[in-house]
Undergrad: 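Here it is: the structure, laid out below.
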Amino acid sequence: MVSEDGLVNSLPPLVDLGPELSREQIERYSRHLLVPGIGMPGQRRLLNARVCVVGAGGLGCPALIYLAAAGVGHITIIDNDVVEVSNLQRQVLHRTVDVGTPKVDSAARALRELNPGVSVSTRHTRVSAENVQDLVRGHDLVLDGTDNFPTRYLVNDACVDLGLPLIWAAVLRFDAQVSTFVPAPLVPSDLATQLRDLFPTAPPPEVVPSCADAGVLGAMVGQVGSIMAAEAIKLITGAGEPLLGRVMLIDVAGMATREIPLRPNPARGSVAAPAASRHTPESLVSMTPAEVSERGAGVLVLDVREPAEHELGVIAGAVLAPLQDVLAWDDLSRLGEGPVVVTCKAGPRAERAARHLLDLGHSDVRVMQGGMLAWIDGIDPSLPRY
């Protein structure tokens with residue numbers, strides 16, 4: 001289609017025209033009014049839009065900033081967490097004084113200060129199968145800034161059921177993925193993709209580490225959140241070509257981007273559970289940090305965190321080996337046959353390593369409850385909590 005500015009746009013505007021702009025609004029949004037494809041009509045659509053952002057963390061914060069600055073008329077923020085010190089490296093809506101405050105409250109205050117003309121509502125709640133449709137219903141589109149697959153699938157499925165466009169992204173270390181999912185009949189059926197086309201099954205948690213375990217470059221998160229906001233603005237106004245049927249891959253370490261095509265999978269269905277190991281988490285024996293601290297001679301601690309985490313502090317005498325290295329072991333020669341207790345930051349990686357050691361035939365493997373965070377809280381508070 002051809003816009004009023006003579007540009008070729010891939011989709012019609014998602015949102016109807018709102019009221020005529022006031023003099024103050026013309027001044028505030030004047031730089032948008034000069035952009036071909038947006039102009040006065042596009043800004044009126046932005047002011048008439050209702051956008052839901054799930055997650056007020058690393059991705060949600062920059063997306064929210066630019067949505068509010070752009071004049072999106074109503075923004076709903078959904079998040080159940082509170083601000084922690086470790087968030088401040090990348091979650092740019094929150095300040096040091098906000099530590100301990102619900103993220104939705106901190107984010108909403110910042111957006112209202114940035115643009116008093118934007119209506120902001122908050123939902124300080126965990127997204128669940130029971131509430132997700134009620135949370136996103138009534139919006140024009142949704143941005144998913146969550147950091148775990150169960151919640152991503154919940155949001156995706158609700159958007160599919162309600163016919164809502166979804167802008168999705170994921171980040172880790174120096175890498176990111178971004179795509180825009182728009183359901184039929186808003187787009188042709190060959191472009192009506194969703195998250196289940198990209199990830200038909202949910203990988204085990206230990207295979208896809210979180211940013212809390214693996215780290216993330218804060219500046220890159222800002223870049224990706226800005227791309228998500230730009231995708232939302234394009235959908236609302238009809239400007240440009242959104243990431244339909246495409247997944248953008250971003251490598252900030254090499255400062256390179258590329259795209260892979262994405263098409264609907266006719267065999268898509270419910271998320272399949274990952275293949276089970278011969279040893280389930282319930283079969284693992286655990287030890288408390290206090291028991292590990294008082295362990296007798298011959299009990300070996302295996303720390304499967306990454307080297308950068310080891311630099312933050314370790315348990316004296318522990319063997320240090322990242323999880324992926326441990327999973328490559330095909331024998332027990334590095335450990336011997338004595339009792340082993342495995343630890344990581346919080347637990348999942350230790351469980352995966354412990355199951356692998358059991359599969360190799362070790363007869364006495366345990367997991368430290370709560371990982372190094374519990375060790376820091378209960379045994380050695382001199383170590384930094386990260």
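For reference, positions follow the sequence shown, starting with 1. Computed over heavy atoms, backbone and side chain alike; hydrogens, waters and symmetry mates excluded. All values reported here derive from a predicted model rather than from experimental measurement.
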Undergrad: Can you tell if the side chain of L111 reaches within under 4.5 Å of the side chain of V118, non-hydrogen atoms only?
TA: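 Not touching, per the 4.5 Å side-chain cut-off.
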Undergrad: Between P322 and P307, is there a side-chain heavy-atom distance shorter than 4.5 Å?
TA: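 The answer is yes; the side chains approach within 4.5 Å.
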Undergrad: So L383 and L312, do their side chains get closer than 4.5 Å, heavy atoms only?
TA: no
Undergrad: Mind listing the closest non-hydrogen atom pair of A232 and I167 along with its distance?
TA: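 Between these two residues, the closest heavy atoms are N-CD1, 3.3 Å.
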Undergrad: Less than 4.5 Å apart, side chain to side chain, heavy atoms only: is that true for P13 and T237?
TA: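 No, every pair of side-chain atoms sits at 4.5 Å or beyond.
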Undergrad: Inspect the surroundings of CZ in R123 and state if more than 12 heavy atoms from other residues, nucleotides or ligands are less than 6.0 Å away.
TA: no
Undergrad: What are the two closest heavy atoms between G222 and S226, and how far apart are they?
TA: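 Closest heavy-atom pair between G222 and S226: O-OG, 2.9 Å.
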Undergrad: So L47 and L21, do their side chains get closer than 4.5 Å, heavy atoms only?
TA: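 Counting from C-beta outward, L21 and L47 do come under 4.5 Å.
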Undergrad: Applying side-chain contact (heavy atoms from CB on, under 4.5 Å) between P165 and each of V187, T180, L186, report the one that passes.
TA: L186
Undergrad: Main chain of L249, side chain of T257: is a donor-acceptor contact present, judged purely on distance under 3.5 Å?
TA: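 Not confirmed, T257 side chain does not pair with L249 backbone.
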Undergrad: If you round to the nearest 0.5 Å, how far is CZ of R352 from CG of L284?
TA: 11.0 Å
Undergrad: Any side-chain to backbone donor/acceptor pair from R28 onto Q25? Under 3.5 Å, distance only.
TA: no
Undergrad: For L332, what residues pass the side chain to side chain contact (heavy atoms under 4.5 Å, CB included) criterion, not counting sequence neighbours?
TA: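 L332: side chain to side chain contact (heavy atoms under 4.5 Å, CB included) contacts with L357, L360, H362.
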Undergrad: With sequence neighbours left out, write down each residue that passes salt bridge (Lys or Arg N to Asp or Glu O under 4.0 Å) with D105, or none if nothing qualifies.
TA: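 Applying salt bridge (Lys or Arg N to Asp or Glu O under 4.0 Å) to D105 gives none.
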Undergrad: Is it the case that the side chain of E27 and the backbone of S22 share a donor-acceptor pair, with hydrogens and angles ignored and the cut-off at 3.5 Å?
TA: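 No; zero donor-acceptor contacts below 3.5 Å.
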Undergrad: So, does R90 use its side chain to make a donor-acceptor pair with the main chain of G218 at under 3.5 Å?
TA: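 Not at all, since once roles are kept as given, no pair shorter than 3.5 Å links the two residues.
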Undergrad: Heavy-atom count check: over 12 atoms from other residues, nucleotides or ligands less than 6.0 Å from R112 CZ?
TA: yes
Undergrad: Mind running salt bridge (charged side-chain N to carboxylate O under 4.0 Å, His left out) on E20 and R44 for me, showing each step along the way?
TA: CA-CA 7 Å; E20 295 285 347; R44 290 170 61 188; 3.4 Å; yes
Undergrad: If you take all heavy atoms of L64 and A107, which pair is closest and at what distance?
TA: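 Residues L64 and A107, closest heavy atoms: CD1-CB, 4.5 Å.
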Undergrad: Write down the atom of V367, the atom of V341, and the distance for their closest heavy-atom approach.
TA: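 Looking at all heavy atoms of both residues, the closest pair is C-CG2, 4.1 Å.
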Undergrad: With no hydrogens and no angle check, is any side-chain donor or acceptor of R385 less than 3.5 Å from a backbone partner on P381?
TA: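 Not a single qualifying donor-acceptor pair exists.
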Undergrad: Between R137 and D134, does a salt bridge (charged side-chain N to carboxylate O under 4.0 Å, His left out) hold up when you go through it step by step?
TA: CA-CA 5 Å; R137 183 182 285 112; D134 289 337; 2.7 Å; yes
Undergrad: Is it true that a side-chain atom of N115 and a backbone atom of A68 form a donor plus acceptor pair closer than 3.5 Å?
TA: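 Yes, because the side chain of N115 sits within donor-acceptor range (under 3.5 Å) of the backbone of A68.
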Undergrad: Taking salt bridge (Lys or Arg N to Asp or Glu O under 4.0 Å) as the cut-off, I'd like each qualifying pair that reaches into residues 307-327, sequence neighbours left out, listed once.
TA: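 Matches after skipping sequence neighbours: E309-R349.
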Undergrad: In Å and rounded to the nearest 0.5 Å, what is the NZ to CE distance from K345 to M372?
TA: 11.5 Å
Undergrad: Just checking E113: does its CD atom have more than 12 heavy atoms from other residues, nucleotides or ligands closer to it than 6.0 angstrom?
TA: yes
Undergrad: Would you check, one step at a time, whether the test salt bridge (charged side-chain N to carboxylate O under 4.0 Å, His left out) holds for K103 with D98?
TA: CA-CA 8 Å; K103 289 183 180 179; D98 297 320; over 6 Å; no
Undergrad: Give the minimum heavy-atom separation between W329 and A321, together with the two atoms involved.
TA: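 Looks like CZ2-CB, 3.9 Å.
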Undergrad: CZ of R126 to CD1 of I78: how many Å apart, nearest 0.5 Å?
TA: 13.5 Å
Undergrad: Between CZ of F199 and CG of N265, what distance do you get to the nearest 0.5 Å?
TA: 13.5 Å
Undergrad: Which heavy atom in N48 sits nearest to a heavy atom in L17, and how many Å separate them?
TA: ND2-O, 3.7 Å
